[in-house]
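Worksheet for the structure shown next.
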Amino acid sequence: MIKLIAKKLLRLFFILIAVTAITFFMVNLLPGDAAYNIAGPDSTAEEIENIRKDLGLNENVVVRYLNWLFKVVKGDLGESLLARGLVSRAIVSRLPVTIELLVLSVLLSLMLAIPFGVICAYKPGSLIDKAVSSTAFGMMAVPVFVMGIALIYIFSIHLRWLPATGFSPISAGIFANIKSLLLPAFTIAMVEWVPLMRVLRSDMITTLQENYILMARSKGLPAPYILFRHALQPSSLTLITILGLQIGHLFGGSMIVETIFALPGIGRLLIGSIFGRDYAMVQGCILFTTIAYVIVNFAVDMLYAFLDPRIRKQMVDGHG
Amino acid sequence: MSFNTLKHLIPVAWIKCCLLIGVAAFGLCGCSQDAPVSKSKMSKYGGTLHVGTETGFYGFDIFGPGKGGELNPSMATLNNLIQEPLFRLDLSGNIIPVLGLSAILSDNNRAWDIKLRQSVFFHDGTPFNADAVVLHWQRQLDPDNHFTGRKIFQAIQAVEKVDDYTVRFVLEFPWPPFLKLLSDESYLSVFIPSPRAVKEGTHNGAPVGTGPFKFFKDSPTDGFIVVKNHDYWQKGLPYLDKIIFRVLPDHQSRYASLIAGQMDVIYLDRGNLIQKADKAPSFFTHHAKGSGAEIVLINMRKPPLDDIRVRRALAFANYQKQEIKLAYGGILPFARHPLGEAFECVNDAYPEHDLEKARQLIADYGKPVIIGYLHSNTSRGKVIGELFQQLCKSIGVDLKLIPLPANGQIMRVLKRDFHLATWRILSVNDHGPQLYRSFHSKSPTNFTGYSSTLMDALLQSQRTEMGPEIRKEILCDIARLINKDVPILYRGGRRRYIAASEKVKNISDIAGLTVNMATAWIDSEKKSRIKTHKTVQKVVDSFDCPDPCKDFEDTDVIKAKILGTWKGMDDWGAKYKFIFKEDNTVRLHKTGRMKKTVPYEICSSKVYFQGRVKLVATPGTDKNKMEIQWKRDDIQGVVVFFKGD
Amino acid sequence: MSIPLLSVKHLTTDIHLEQGKVRAVRDVSFDLWQGKTIGIVGESGCGKSILCKSILKLLPAYAHILEKSQIIFNGRSINNLTEKELNKIRGQGAAMIFQDPLSSLNPVMKIGHQVTETLLYHLKMEEEPALKKAEDLLKAVGIANPSQRIDQYPHQLSGGLRQRVAIAIALACEPKLLIADEPTTALDVTVQAEILDLLDHLQIQRNMAMILVTHDFGLAACRADEIAVMYGGKIVEYAPAEKLLANPRMPYTKALINAIPRLEDPPHTPLQFIEGQPPNMMIPYAGCCFAPRCSLAGHQCRDQEPLLINDDTDDHSFACWNPLGKIS
Amino acid sequence: MDNSPSIFEKLGITFWLCLMWIVLVVLLALFADLLPLPGADVMDWDHPAAPPGTVGTLQSLIASDANPTEIVYFFGTDTMGRDILTRLIYGARVSLAVGLITPLIGLFFGGILGMLAGFYKGRVETIIMAVMDSILAFPGLVLLLAITFFLGPDLKNIIISLGFLTIPSFARIARANTLTYSQRDFIQASRMVGQNDLSIIIHEIIPNIFTPMLIYALLVVSYMIVAEGSLSFLGLGVPSPTPSWGGMIAEGKEVLEETTHVSLFPALIMFLTVLSFNLIGDSLRNLLDARGGQL
């Protein structure tokens, strides 16, 4: 077990170095650095050169990366070039938004994916299966940015149930907090539940062929009990894998939803700093999202063990 | 020669007072149900205003991103609430005192002595005096600080303290636009920050000024919050307790937030949304008229653009009217030169859209023309690119589109690595310095590579010409020369729009592109009257008066407001005169074209009548100003009319 | 006993596959009295398992029991029962154990839970007493230290133990009928005998009826009271065990009996086996389905289907045009 | 064998309807130039955002003296007055190219890497999977921006970069399936008879893992068609004037409430196509793995 964790940590380290290094070099190689943003359009080459010198952008890329890395090891993520504030503070202040949005959207997509996936697997090829699948693909065919606007029109303007934009922190009351995140989370869930439902349906169909399901039926247990208690858990391994990948991506990848709903999350911070070439901020965000990704995947591995005692045994025995 | 330009300065308090009286007498934007002053005065105070903006706030210290040139709309508005300049311009171009009281030009025209307002304090308690002004300017002028905004005020050599409440600006040469630029609210340079905050390095994130509102909090989750400055030097102001600015990047969700009642005021720059808001009875739009223009830079260093025939062909192919309509939804004025909507030059030599002439010129040139076009990678940028590509295709020019994000585009322009690039001429109170920087052959920011001895001479002479009429003519000459030699193409003028819920009162337009919210107040009685969007849509789409008219407006008040003669000019330069008569008819004149009398009808605070197009007049805040919307088929627009013969 | 516990009449089941329809069970009828065991014997693919599942209506969605079939359990026809009523019978009236003990236990559930869930659901027992009863059940099927096993997962148990657990689950609600579908096929020979002895023991103790499905004629012969031989979805011969062993009339039965290895055989006796392939049930065959493999088949066998007819005695029936004579 | 159903019956009517739709879309996309269409970039400025069925007169800008030809906009026009039907047909080229080629890149490279990882295990697996994880954790946007800047924003580069980003997920699936199969007896047996690794991979592994990979690829097809639209939203889409379905939806988003049809029709066509691809995938899965449901 300890060996396993050590192995995972080593891998985390490798991934962190690889991802931050590649990002750093790529963003640095993009034309037009932060100096152009600071100087503005009506500038001379000389002014740009001065700003670049002031910001230390004239140094070698490798040197700058190593400097950054050295500072990070000491716990200093540096200062933003554009916003002139601490990168760590900017990230921490956006963390609650991102995490809450993520949790809520994951919950919503599971609430859609699990019942529908189970029902479709129970009666594959039936009318309800076809209807659910078509609806699901229909939702996949609507890009997130259109889905978001459509939901705003429906729920904020016509029904006036939910706020259109903005984020209310928990300090404003848990109800207001959830209300402000419901639409964006729903927008994400509308797209993300589809693959979850599909893999669950497919795995569940396989599970329902298993003898132990036949055995459970021969015990005279009711169908819903068999589906959810006997079949769901062994059918959810692929679902968990996909969910892990989704969560990993959502940490920094919900920028479109964050833009539309004006949520101050990590995704928006990242895209803004990429376009502004705010290197320190980009690196801070990437560091955060990468760590989050790796942790989520580690959690997924742990969850496998929780869901399937056979894997648990393997891990404890050290064969993992 | 010595004269005091501020001889006839009207005390600012008096102006505000007039404004208030105007508001009380005529109601706001047609809401004739406003209670009399005495009654509503109490309710004017208090309340929180929610403002939705597109772009964020970069910080308030002069050193930092986006500080060199024009501030973005949200920054400009917010900054204007916290910090104050020495002077401002009113709508008709008069200079009004703010922190400065008067300005006296020296005999040699090379120094201004500015008297400062006394007993004004910054929000942190630091007194406002000559030291604060001098410190602020010396920071900018210090060459070691590499302040990118310095070039705008290049003519200023030094700023000195004369006594505690007098400062002297020393100029390198006689510089006529000095005071106008010093009143230009789109530059951070003109706002005076607290010396203590600057010294402590906190000003960038937590600005301290003398303005009606104080910085309270800036957080990504709660927004940028300013609160009432109870010790504001202008007694009785401001009315609001708090203003919260939130960044809502997406246009449609920003508009949705207004409709859903989450926001009271939003910035808008999408034609379809502005028109929607404009037509909705519960919302009002205001626009700030700017000068300058949306343009296309032509890199004259690169063949085939060094050939005047190719450039003129592009100018003839350019179809500004369509671009304004398709890319901007008809919200920008037509730009015939960069000097602004209000600046009129006769015979401006603007190359009108004419594909035939363009084809002829390209045929004359004889060689295939393949050029690249840098435009922004936004959805609007795409429309702009595709439109011009299509036009170029029709005259036989192969236009390659290169969509880039802002800094990529800036970089390539600065490196002179482009053929055509979308750009803008900043909206400023005086265009002399900017034109000089852009078109003088020796200027380092002459991106087009335009070089003409005549242009150089004109630019040089406008710089120091103190006679306003002569100088104006020189500027027009420059505009004509630009239109003739075509270093740039025009894509539209500049305007900024905001839409506000009807409960927000007294958001006034001020010169430049800044919208002033300092004197706004909230009419709490109007809060519950927001109609649902659907009904609004129905009324507006047909442009017909809702029948039966159930609204509670007193038609007589509206009628009293509109009776008389109104004049206006549309974006294509056609002049109109409408005479509203007592007998519910209106006489329509279009110069040299049309004369006819039609009936009008008053309903929902608006006046409906029909000429060759459907028209709706909306009498506004200003008793001498009125907006008239027109619509034919699916083309529509707004013309501002002014009272008078 | 005048009424049989289970009476199956004209049971016919179709299976709809992508490739077409298969009649897996054809017109099967038999009666089973309380306390008795019927052995159903046949090669793989002859429809034994489908028959068992048809009795409890545990068929997949693509299988279909024809209207004319009648299953009367405990004096009550289960043809038109709702799913809920069926579940009552499945859990409490009749239980089933399956061939592969590994796959018939849920790998992600603790043994205890799998044993108690029928108690909780059908008998509405509380958690505590249910667990107590589960331990008793495990003890009854011969599992040592049951309190420890209750917290284990199936993969932690050996094959024999798993089958014992499956039997414990089946017996939890004290069913009147136990359907054992090849209960020992996947087990070692030594364990097989233990399990069968256990089943015998429990059957006598609880006076259960049992359907014992197997492909091993010898096994059926020593454990069952009556034996039904299935071929091509049909019962081709049906008789009390000793009678059938002594006097098979159907050539197929004879061949099955011959295939049993005998202890008394001299060493190196070649193992008997039936030549040819079991019938492809997709293709309807006009005559006796065993005809293509039968050495005695004549024209009639190929053209006309033989019906299940009684022997001269009352309790021996077979379907054959050329039955074997009495073997002295 | 005369009564065994033909392949036509086995796959069912849905499959063939879907296939017909895909074939129709492909054919229209291939032969768009031969159809009597006004051209994807021709603008009718008199009828911007015209509703479906509007009759417009198209004054070709290129030949000034040409007679205005009358044209019916069956699906209406977009905000710039371009015929939506025409743009849908031309847009199919981009969307299909992105949707079909991208998963192929992922399938090929991801498949090879995943197989190697699953087959050799140990250090090879650790390294390959760590690299794959790095790609997954890497912000795709940065890569897309970099590609756009250095190689120019054209269709080929977008396909390559999107394809690159799909490699890890294919690799994961290939690895998981290879792991399962390489434990099986027949692989062990092949090893014992002395077959070399390459021939085991080619003859035993690839045929076995191909089906699940192909089915996943069909799901990716729909993802990629939609993803291309999201790139347009972020300003990284296919350069103008080439239309793409996603780009059209993005354009229509600006006027979603007033003129819904501008984004509704592309979304509808995309939905039908995505649905068709997935239903085809489902039918194939059922055919290859003939099991129904139970319970």
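Note that the structure is a prediction, hence the values are computed from the model and not measured. Each chain gets a letter, A, B and so on, in the order its sequence line appears, and its residues count up from 1.
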So which part of A/Phe275 gets closer than 4.5 Å to some heavy atom of chain D, the side chain, the backbone, both or neither?
side chain
Please report the interatomic distance CZ(A/Arg11) to CD1(D/Ile127), rounded to the nearest 0.5 Å.
11.0 Å
So which part of A/Tyr153 gets closer than 4.5 Å to some heavy atom of chain D, the side chain, the backbone, both or neither?
side chain
For chain D, the option from A/Val199, A/Thr23, A/Ile271 that forms the most heavy-atom pairs under 4.5 Å
A/Thr23
Decide if atom OH of D/Tyr120 counts as having more than 12 heavy atoms of other residues, nucleotides or ligands within a radius under 6.0 Å.
yes
Which of A/Gly138, A/Ala292, A/Ser126 touches chain D most, by non-hydrogen pairs under 4.5 Å:
A/Gly138
How long is the span from the CD1 atom in A/Ile260 to the NZ atom in D/Lys253, to the nearest 0.5 Å?
5.5 Å
Of all heavy-atom pairs between A/Ile15 and D/Ala137, which one has the smallest distance, and what is that distance?
CG2-CB, 4.4 Å
Just checking D/Phe170: does its CZ atom have more than 12 heavy atoms from other residues, nucleotides or ligands closer to it than 6.0 angstrom?
yes
What part of A/Met204 is in contact with chain D, defined as an atom under 4.5 angstrom from a non-hydrogen atom: side chain, backbone, both or neither?
neither
Toward chain D, the part of A/Thr20 with a non-hydrogen atom under 4.5 Å
neither
A/Leu29, A/Val142, A/Ile17, A/Val27: which one forms the most heavy-atom pairs within less than 4.5 Å of chain D?
A/Leu29
Which pair of heavy atoms, one from A/Ser134 and one from D/Leu275, lies closest together, and at what distance?
CA-CD1, 3.8 Å
If you draw a 6.0 Å radius around CD1 in A/Ile154, do more than 12 non-hydrogen atoms from other residues or ligands fall strictly inside?
yes
For chain A, which of D/Gly246, D/Pro139, D/Gly252 has the most heavy-atom pairs under 4.5 Å?
D/Pro139
Which atom of D/Tyr223 lies closest to which atom of A/Pro195, heavy atoms considered
OH-CG, 2.9 Å
In terms of heavy-atom proximity below 4.5 Å to chain D, should A/Ile274 be classed as side chain, backbone, both, or neither?
side chain
For chain A, the option from D/Ala267, D/Ala130, D/Ala146 that forms the most heavy-atom pairs under 4.5 Å:
D/Ala130
Using 0.5 Å steps for rounding, measure from the CZ atom of A/Phe137 to the CG atom of D/Leu272.
13.0 Å
Heavy-atom side-chain proximity of D/Phe271 to A/Met140 below 4.5 angstrom:
no
Search all heavy atoms of A/Pro143 against all heavy atoms of D/Val226 and return the closest pair with its distance.
CA-CG1, 4.0 Å
Non-hydrogen atoms of chain A under 4.5 Å away: do they reach the side chain of D/Leu143, the backbone, both or neither?
both
Engaged part of D/Ala176 at the chain A interface, taking heavy atoms whose separation is under 4.5 Å
neither
Quick check: do D/Arg172 and A/Leu245 have side-chain heavy atoms less than 4.5 Å from each other?
yes
Indicate yes or no: at least one non-hydrogen side-chain atom of A/His249 is less than 4.5 angstrom from one of D/Leu136.
yes
Spatial distance of atom OH (A/Tyr293) from atom CG (D/Asp133) [nearest 0.5 Å]:
4.0 Å
Using heavy-atom distances under 4.5 Å, tell me whether A/Val146 contacts chain D through its side chain, its backbone, both, or neither.
both
I need the D/Ser134 OG to A/Leu16 CG distance, nearest 0.5 Å.
9.0 Å
D/Phe277 versus chain A, heavy atoms under 4.5 Å apart: side chain, backbone, both or neither?
neither
Using a 4.5 Å cut-off on heavy atoms from C-beta on, say whether the side chain of A/Ile286 contacts that of D/Phe138.
no
Is it true that, when you exclude A/Leu127 itself, more than 12 heavy atoms of the residues, nucleotides or ligands shown sit nearer than 6.0 Å to its CG?
no
For chain D, find which of A/Leu270, A/Ile256, A/Thr289 contributes the most heavy-atom pairs closer than 4.5 angstrom.
A/Ile256
